[in-house]
Protein chains: 2
Amino acid sequence: MAAQGSSNTAQRILDIAERLVQTQGFNGFSYADIAAELNTTKASLHYHFPTKAVLGTELVARYSRNFQTALEAIEKKESDPLQRLRDYVALYARVLEKDRMCLCGMLASDYSTLPKPMREEVRRFFDGNEAWLARLLEEGRKAHKLRFNGAAGEEARALIGAFEGAMLIARSYDDPSRFESAANRVLARLGEG
Amino acid sequence: MAAQGSSNTAQRILDIAERLVQTQGFNGFSYADIAAELNTTKASLHYHFPTKAVLGTELVARYSRNFQTALEAIEKKESDPLQRLRDYVALYARVLEKDRMCLCGMLASDYSTLPKPMREEVRRFFDGNEAWLARLLEEGRKAHKLRFNGAAGEEARALIGAFEGAMLIARSYDDPSRFESAANRVLARLGEG
DNA sequence: GTCTATAGGTGGATAGAC
DNA sequence: GTCTATCCACCTATAGAC
């Protein structure tokens with residue numbers, strides 16, 4: 001009854017594809033790579049995901065859903081705004097510890113070569129992050145727990161850029177502490193006062 | 001007498017390759033793409049750059065040299081630290097206006113698939129930027145023109161990450177103003193007081 | 001659902017004529 | 001320095017048996 005893309009095998013395919021995209025980019029992996037790791041054939045993969053574009057689109061959609069779920073989990077803890085920000089940063093740090101880049105940060109660099117449906121999903125990811133962060137920032141400022149100037153939405157965008165960029169470069173040095181250091185500077189600044 | 005890589009043709013090849021890498025990544029372009037644009041053949045390109053790894057390495061080396069030259073030009077103007085920072089940001093903005101990503105930011109996302117000599121050149125680029133920025137930051141702080149906490153080197157790293165990340169995401173929205181906005185927030189914070 | 005086999009295309013790279 | 005021709009590996013994708 002379930003759609004093909006939601007079977008167990010499909011999920012295992014997505015798991016492997018996800019790691020490959022996060023480490024090598026969308027143009028840096030192939031069906032053959034996945035097939036080898038799953039001990040199956042390329043043709044079998046095409047049964048579950050007829051084209052690479054479909055696979056990629058479902059990949060980002062799933063990643064976005066999981067990320068949103070993680071954001072909701074942070075909110076449920078009802079901790080203070082600065083702690084929620086720390087939890088948000090920890091989501092990035094956990095990805096980096098697995099020697100991966102944020103899926104959508106990686107896809108942002110592949111953006112010009114992506115099929116249109118993937119582009120839209122990538123944007124949706126950033127839009128969702130921005131909206132969540134902006135709400136948190138505004139709430140934190142009103143409660144005098146977070147300090148920043150100007151529009152919360154713009155600060156949110158700047159934060160996302162800073163985190164994605166810090167992640168990107170930390171990977172080039174195989175040194176997660178570079179991300180931690182940059183993120184902590186940001187948190188310290190926002191928590192001042 | 002000059003090495004092959006420094007002929008006029010070689011430079012034109014590098015110009016085209018540079019744009020292609022900045023827009024599509026190192027794995028997103030081919031000798032065929034360059035040949036088509038130059039109205040020549042793939043075989044001819046291999047005369048100038050025997051392998052793609054060699055081409056890529058010379059590409060990053062040239063980019064780094066040009067960037068360092070631009071940094072020295074900023075220093076020669078002997079403007080105040082905040083203005084020099086603005087000039088630094090303008091280097092990024094000019095790349096983005098051409099719908100390109102910073103070459104080394106793009107290569108950072110391809111990092112795991114790059115030949116070793118390219119990796120080293122990419123790191124050298126970031127190291128050079130960090131050193132230049134750290135000197136500027138420290139000088140600006142001593143002159144009470146720039147305000148930030150902690151080590152200048154760490155602040156420099158955070159800035160580079162923030163700029164690269166803002167660039168990366170701005171490209172996904174085809175909206176350079178996203179970069180400008182994020183960069184201006186950073187500059188405003190550093191210039192406070 | 002998975003397999004074998006294969007199509008049709010493109011990748012980087014080389015040999016050898018001019 | 002540039003060309004034609006070619007190699008071989010790899011790519012995404014499909015047909016059809018099981």
Side-chain angles (χ1 to χ4, degrees), chain A residues 1-21 23-60 106-107 110 112-119, chain B residues 1-21 23-60 106-107 110 112-119:
Chain A
M1 278 288 95
Q4 284 172 6
S6 63
S7 72
N8 271 339
T9 305
Q11 292 303 312
R12 283 198 295 156
I13 293 169
L14 288 178
D15 290 341
I16 294 170
E18 186 173 84
R19 196 195 69 246
L20 291 173
V21 174
T23 51
Q24 307 186 278
F26 190 67
N27 300 315
F29 85 102
S30 70
Y31 271 46
D33 296 326
I34 303 176
E37 209 165 322
L38 253 177
N39 268 57
T40 182
T41 61
K42 291 185 287 172
S44 175
L45 302 181
H46 278 285
Y47 168 79
H48 296 279
F49 302 97
T51 68
K52 202 181 177 187
V54 168
L55 193 164
T57 306
E58 296 202 23
L59 199 56
V60 194
M106 185 60 91
L107 292 176
D110 295 328
S112 76
T113 68
L114 295 183
K116 196 183 263 181
M118 285 190 71
R119 296 188 185 189
Chain B
M1 275 290 95
Q4 285 172 4
S6 64
S7 73
N8 272 339
T9 304
Q11 292 304 311
R12 284 198 295 155
I13 293 169
L14 289 178
D15 289 340
I16 295 171
E18 186 173 83
R19 197 194 68 247
L20 290 173
V21 174
T23 51
Q24 309 187 288
F26 190 67
N27 300 314
F29 85 102
S30 70
Y31 272 46
D33 296 326
I34 303 177
E37 208 164 323
L38 254 178
N39 269 55
T40 183
T41 60
K42 290 188 291 172
S44 176
L45 302 181
H46 279 285
Y47 168 79
H48 296 279
F49 302 97
T51 68
K52 203 181 177 187
V54 168
L55 193 165
T57 305
E58 295 202 22
L59 199 57
V60 194
M106 184 61 92
L107 292 175
D110 296 326
S112 76
T113 68
L114 295 182
K116 196 183 260 182
M118 285 190 72
R119 296 188 186 190

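Letters A, B, ... are given to chains in the order of the sequence lines, protein chains preceding strands, and every chain is numbered from 1. Computed from a predicted structure; not experimentally measured.
- Between B:Ile34 atom CD1 and D:dT2 atom P there is a gap of 14 Å when expressed in whole angstrom units.
- If you measure from atom CG of A:Asn8 to atom P of C:dT2, you get 11 Å, rounded to the nearest angstrom.
- What separates NE2 of A:His46 from P of D:dG16 is a distance of 17 Å, to the nearest Å.
- Taking a cutoff of 4.0 Å between a charged side-chain nitrogen and a carboxylate oxygen, A:Arg19 and A:Glu37 qualify as a salt bridge.
- Between B:Ser44 and B:Tyr31 the shortest side-chain heavy-atom distance does not fall below 4.5 Å.
- Summarising the geometry of A:Leu59 relative to A:Leu14, their closest heavy-atom pair is CD1-O, 3.4 Å, with the distance given to 0.1 Å.
- If you take NE2 on B:His46 and OG1 on B:Thr41, they are separated by 9.5 Å, rounding to the nearest 0.5 Å.
- Between A:Asn27 atom CG and C:dG11 atom P there is a gap of 12 Å when expressed in whole angstrom units.
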Distances for protein N or O near nucleotides 3-7 of chain C N or O, under 3.5 Å:
| unit_1 | atom_1 | unit_2 | atom_2 | d |
| --- | --- | --- | --- | --- |
| C:dC3 | OP2 | A:Thr40 | OG1 | 2.4 |
| C:dC3 | OP2 | A:Thr41 | N | 3.1 |
| C:dC3 | OP2 | A:Thr41 | OG1 | 3.1 |

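- For D:dT2, one of the phosphate oxygens OP1 or OP2 lies less than 4.0 angstrom from a side-chain nitrogen or oxygen of B:His48.
- In this structure, the nucleotide among D:dG1, C:dT14, C:dG1 sitting nearest to the side chain of A:Tyr47 is C:dG1.
- For the pair A:Ile34/A:Phe29, a side-chain contact is recorded, criterion being any heavy-atom separation below 4.5 Å from C-beta on.
- The nearest whole Å value for the distance from the CZ atom in B:Phe29 to the C1' atom in C:dT10 is 15 Å.
- One atom, CZ of B:Phe49, and another, P of C:dT14, lie 16 Å apart when rounded to the nearest Å.
- Contact of the B:Leu107 side chain with the B:Phe26 side chain is registered, since non-hydrogen atoms from C-beta on lie closer than 4.5 Å.
- Atom NZ in A:Lys52 sits roughly 18 Å away from atom C1' in D:dT14 (whole-Å rounding).
- Atom CG of B:Leu45 is separated from atom C1' of C:dG11 by 14 Å (rounded to the nearest Å).
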